[in-house]
Engineer: 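One structure is given below, represented as structure tokens, and several questions about it will come after.
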Amino acid sequence: MNKTVIATDQAPAAIGTYSQAVKVGSLVFLSGQIPLVPETMTLVSKEFVEQTHQVFKNLKAVCEASGGTLNHLAKVNIYLTDLSHFATVNEIMATYFEEPYPARAAVGVKELPKGALIEIEGVLALEEQ
């Protein structure tokens, strides 16, 4: 198996023993992104809407560093500390994606790193070469 590590300074640096993304064949596995501002490595805000937009900006940067776009995401997993924000996530997600939308799961969790309210990970499907 040939694994290629994907890294960009346009998204937050890894804060543990993981890569921002790993490419295997035409699939890219994106690690979870929380709403950290890449330049400061601090949360963008305590407000859920701003955090959600920052997460999508971070995902977009990693997708682009991988040679794709958000619309190449085949699957995303969304982790929320409060599932009452589910409708807000849907509204915001619709501004970043075009149909067909990726497969998705949304999971309520007790807490996330750095006190984030949302985290999203995904699998990118690139064109086979």
Side-chain angles (χ1 to χ4, degrees):
M1 171 176 59
N2 188 14
K3 294 192 309 186
T4 303
V5 172
I6 307 296
T8 177
D9 61 2
Q10 300 301 303
I15 55 175
T17 54
Y18 62 90
S19 301
Q20 289 174 327
V22 174
K23 182 178 178 188
V24 179
S26 62
L27 296 178
V28 181
F29 300 88
L30 283 73
S31 292
Q33 287 291 327
I34 60 174
L36 295 178
V37 176
E39 298 81 14
T40 63
M41 293 297 290
T42 60
L43 289 177
V44 67
S45 161
K46 291 185 178 189
E47 190 205 291
F48 183 78
V49 169
E50 288 183 51
Q51 286 197 16
T52 303
H53 281 290
Q54 186 64 49
V55 167
F56 280 113
K57 289 175 189 174
N58 293 344
L59 287 170
K60 181 179 182 224
V62 177
C63 287
E64 289 174 353
S66 302
T69 68
L70 286 173
N71 284 310
H72 287 102
L73 282 165
K75 172 77 163 94
V76 294
N77 293 322
I78 302 172
Y79 305 97
L80 301 167
T81 59
D82 183 348
L83 285 173
S84 73
H85 293 302
F86 186 75
T88 303
V89 171
N90 280 336
E91 290 173 19
I92 294 171
M93 189 171 167
T95 68
Y96 287 92
F97 290 87
E98 298 171 4
E99 290 190 47
Y101 300 125
R104 181 182 78 182
V107 179
V109 297
K110 181 179 176 188
E111 61 185 315
L112 291 166
K114 305 266 188 188
L117 303 174
I118 182 170
E119 179 173 357
I120 303 176
E121 65 173 335
V123 178
L124 194 67
L126 299 174
E127 301 296 323
E128 295 197 35
Q129 298 176 3

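Atoms considered below: every heavy atom in the structure, side chains included; atoms not considered: hydrogens, waters and symmetry mates.
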Engineer: Would you kindly confirm whether Leu43 and Val49 end up in one hydrophobic cluster when ILVMFWY residues are joined by side chain heavy atoms under 4.5 Å apart?
Structural biologist: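 No, because Leu43 and Val49 fall into different hydrophobic clusters, even though each may have its own neighbours under 4.5 Å.
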Engineer: Please find the pair of heavy atoms, one from Ile34 and one from Pro113, that lie closest to each other, and give the distance.
Structural biologist: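 Scanning both residues completely, I find the closest heavy atoms to be CD1-O, 3.6 Å.
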Engineer: Nearest 0.5 Å, what's the CD-NZ distance between Glu50 and Lys57?
Structural biologist: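 If I round to the nearest 0.5 Å, the distance is 8.5 Å.
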Engineer: Once rounded to the nearest 0.5 Å, what's the spacing between atom NZ of Lys75 and atom CZ of Phe29?
Structural biologist: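 That separation rounds to 12.5 Å.
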Engineer: Quick one: pull up CD1 in Ile15 and CE in Met41 and give me the separation to the nearest 0.5 Å.
Structural biologist: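 Interatomic distance, Ile15 CD1 to Met41 CE, rounded to 0.5 Å: 6.0 Å.
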Engineer: Could you state the interatomic distance from NE2 (His53) to CD1 (Ile118), rounded to the nearest 0.5 Å?
Structural biologist: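 The NE2 atom of His53 sits 10.5 Å away from the CD1 atom of Ile118.
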Engineer: Give the minimum heavy-atom separation between Ala65 and Ala7, together with the two atoms involved.
Structural biologist: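 Closest approach of Ala65 to Ala7, heavy atoms only: CB-O, 4.3 Å.
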Engineer: If hydrophobic clusters are built from ILVMFWY residues whose side chains come within less than 4.5 Å, do Val22 and Val62 share one?
Structural biologist: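 No, no single cluster joins them.
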Engineer: Would Ile92 and Leu59 show up in the same hydrophobic cluster when neighbours are defined by side-chain heavy atoms closer than 4.5 Å?
Structural biologist: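 Ile92 clusters together with Leu59.
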Engineer: Please check if the side chain of Thr52 supplies one atom and the backbone of Val89 the other of a donor-acceptor pair under 3.5 Å.
Structural biologist: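 Checked: no pair found.
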Engineer: Asn71: which residues meet the side chain to side chain donor-acceptor pair (under 3.5 Å) condition with it, sequence neighbours left out?
Structural biologist: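 Side chain to side chain donor-acceptor pair (under 3.5 Å) list for Asn71, sorted by chain: empty.
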Engineer: Please tell me whether Leu126 and Tyr101 are part of a single hydrophobic cluster in this structure, the criterion being side-chain heavy atoms less than 4.5 Å apart.
Structural biologist: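 Yes, Leu126 and Tyr101 fall within the same hydrophobic cluster.
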Engineer: Quick one: list whatever passes side chain to side chain donor-acceptor pair (under 3.5 Å) with Thr40, sequence neighbours left out.
Structural biologist: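 Listed in chain order: Thr42.
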Engineer: Report yes if the side chains of Pro38 and Asn58 come closer than 4.5 Å at any heavy-atom pair, otherwise no.
Structural biologist: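 Result yes, sub-4.5 Å side-chain heavy-atom pair found.
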Engineer: Apply side chain to side chain contact (heavy atoms under 4.5 Å, CB included) to the pair His85 and Ile78, showing each step before the final yes or no.
Structural biologist: CA-CA 11 Å; His85 293 302; Ile78 302 172; over 6 Å; no
Engineer: Is any side-chain heavy atom of Val76 less than 4.5 Å from a side-chain heavy atom of Met93?
Structural biologist: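 Counting from C-beta outward, Val76 and Met93 do come under 4.5 Å.
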Engineer: Please check if Tyr96 and Val44 belong to a single hydrophobic cluster, counting links between Ile, Leu, Val, Met, Phe, Trp and Tyr side chain heavy atoms closer than 4.5 Å.
Structural biologist: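 No, it is not one cluster - the side chains of Tyr96 and Val44 are not joined through contacts under 4.5 Å.
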Engineer: Using a 4.5 Å cut-off on heavy atoms from C-beta on, say whether the side chain of Leu30 contacts that of Cys63.
Structural biologist: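 Yes, at least one pair of side-chain atoms sits under 4.5 Å.
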Engineer: Taking Gln51 for the side chain and Ser45 for the main chain, is one N or O donor matched with an acceptor at less than 3.5 Å?
Structural biologist: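 Yes, because the side chain of Gln51 sits within donor-acceptor range (under 3.5 Å) of the backbone of Ser45.
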Engineer: Might you work through the side chain to side chain contact (heavy atoms under 4.5 Å, CB included) test for Phe56 and Thr95, ending with a clear yes or no?
Structural biologist: CA-CA 10 Å; Phe56 280 113; Thr95 68; over 6 Å; no
Engineer: To the nearest 0.5 Å, what is the distance between CZ (Phe48) and CG (Asp82)?
Structural biologist: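 Taking CZ in Phe48 and CG in Asp82, the distance rounds to 8.0 Å.
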Engineer: Find the distance between CG (Asp9) and CD (Gln20) and round it off to the nearest 0.5 Å.
Structural biologist: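 If I round to the nearest 0.5 Å, the distance is 8.5 Å.
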Engineer: Would Leu117 and Leu112 count as a side chain to side chain contact (heavy atoms under 4.5 Å, CB included) here? Give the steps.
Structural biologist: CA-CA 7 Å; Leu117 303 174; Leu112 291 166; 6.0 Å; no
